[in-house]
Amino acid sequence: MAPRSAPAVQPTRTTDLPTQRLDIQSIRAQIPALAQLVNGKPLVYLDSGATSLKPQIVIDALVDYYGGCCANVHRGVHTLSQRATTLLEQARETVQAYIGAPELHECIFVRGVTEGINLVANTWAQRHIGPGDEILITAMEHHSNIVPWQMLCERVGATLKVAPFDTRGVLDMDAFAALLSSRTKLVAAVQVSNALGTINPVVEMVQLAHAVGAKVLLDGAQAVPHGPVNVAALGCDFYVFSGHKVFAPTGIGVLWGRRALLEAGGPWHGGGDMIRRVTFEKSTYAELPALLEAGTPHIAGAIGLGAALRWQSALGLDLIAAHEADLLAYGTRLLEEIDGVRLIGTSPNKAGVLGFVLDGTIGAHPSDVGMLLDQQGVAVRTGHHCAEPVMDFFGIPGTVRASLAVYNNRGDLDALAAGVQKAIRLLS
Ligand code: PLP
């Protein structure tokens, strides 16, 4: 698979859309979880922002590993161990090609975005950020891109700065630029907001940050499932994503970082695999990626991630982005036509997230709406989506969030709209 050069912003204008279309029926047929009734109704899965459903090919990769070459990796001389090692390292190659990473050994397997960010906070950032320095995030970050930086700031005496967004959920780029200074050592920003759907202008943000000498970490959790991402084109210094949101198992994800920065961060977890030599007097450390992958990795997860990324790439990342842009426009129209629905997150540059509240329903919490939708077989997420500051900004306890993936179709959004209308009738 050749590295792609396309930048990470999905086409949302109709003129950008490829003419070829995906065969959604055939894609749906590859997702076993879709073939079930929930509360007597065909499942309508609109919670892929929380976790995606898995195609059979990914499930098969897990079964093949556990049922076949189930062995530990890297130090085994026996055949099964060597097979498992080959599969794990092939998955790393898939990741490298998928995100356009310049070097294979810069791709570190982690548990997910949360662990990847904590790894950077406890290695490179811990060593290179000190008293008086600043870390700049945005006001639309997931908690996993807030709390590790707050903890780091407390440890090292640095200050956390926050760039605001407007009532549509669009980042205020003037404020962002004004908050950058020679004190800024790191910008940590979400590429696509899980609460608002906003696609941030990350290339411009990286350029502005680099101009003041700051490094940039991008949270790609909600970007990778929806279209092409290329870290070289983005120009960032660290990039993180979670496998489970991109059709892969839970408990596996990727941290990509520039080799020099990962090496300068040094080790984090100590233990097996990350060492060169251990004595009681002193231990010396292995090279990347082992340096940052102490202990037995999530072998099956990494193999499943490789299978998932190959499956998604074979569908066509630009086609996925175009399909989801169509669904987003369709779903937005349907929800806007319903009296009492207020969309939260209306950026003109948006990915497949439809967050809303119901204004006319007396005392109804988003979770009431979620439960009524569930009775219709429609799975959505309700609450603050681990982005409490976003909810505070809008003065709401949470939203109902329908989030899209490639296997959704317009019928799913029709079911959502019908379910919301029923919920309004019942709650008003
Ligand atoms: N960042 C964003 C934007 C997310 O949507 C999520 C999960 O919802 C995370 C980070 C955390 O991902 P994980 O729980 O897989 O570590």
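Atoms considered below: every heavy atom in the structure, side chains included; atoms not considered: hydrogens, waters and symmetry mates. For ligands, and for the atoms within them, numbers begin at 1 and follow the listed sequence.
Aromatic rings from His143 and His384 are positioned such that their centres are separated by under 6.0 Å. The distance between the ring centers of Trp256 and Phe241 does not fall below 6.0 angstrom.
Of all heavy-atom pairs between Val369 and Ala423, the closest is CG1-CB, 4.2 Å.
Of all atoms in ligand 1, numbered sequentially from 1 with element shown, those under 4.0 Å from a heavy atom of Gln222 are 3 (C), 4 (C), 5 (O). Listed by number with element, the atoms of ligand 1 under 4.0 Å from a non-hydrogen atom of Val113 are 10 (C), 12 (O), 16 (O). The atoms of ligand 1 that sit less than 4.0 Å from any heavy atom of Ser242 are 12 (O), 13 (P), 15 (O), 16 (O). Taking a cut-off of under 4.0 Å to the non-hydrogen atoms of Thr114, the atoms of ligand 1 that pass are 11 (C), 13 (P), 14 (O), 16 (O). Under a 4.0 Å criterion applied to the non-hydrogen atoms of Val190, ligand 1 contributes the atoms 3 (C).
Using cut-offs of 30° and 60° for the angle between ring planes, the Phe247 and Trp311 rings count as perpendicular.
At least one heavy atom of Ser144 sits closer than 4.0 Å to an atom of ligand 1. At least one heavy atom of Lys245 sits closer than 4.0 Å to an atom of ligand 1. Residue contacts with ligand 1: His385 is excluded, as none of its non-hydrogen atoms falls under 4.0 Å.
Using a cutoff of 4.0 Å between basic side-chain nitrogens and carboxylate oxygens, Asp412 and Arg28 are scored as salt-bridged.
With hydrogens and angles disregarded, a donor-acceptor distance shorter than 3.5 Å links the side chain of His128 to the backbone of Trp124.
Protein heavy atom at the shortest distance from atom 3 (C) of ligand 1 is Asp219 OD2, 3.4 Å. Regarding atom 11 (C) of ligand 1, its nearest protein heavy-atom neighbour is His142 CE1, 3.5 Å.
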> When you look at Asp47 and Val380, which way does the side-chain contact (heavy atoms from CB on, under 4.5 Å) test go after all the steps?
Replying inline: CA-CA 5 Å; Asp47 195 20; Val380 294; 5.9 Å; no
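At a heavy-atom distance under 4.0 Å, no atom of Glu115 approaches ligand 1.
Under the 4.5 Å side-chain criterion, counting only non-hydrogen atoms from C-beta, Leu186 is not in contact with Val216.
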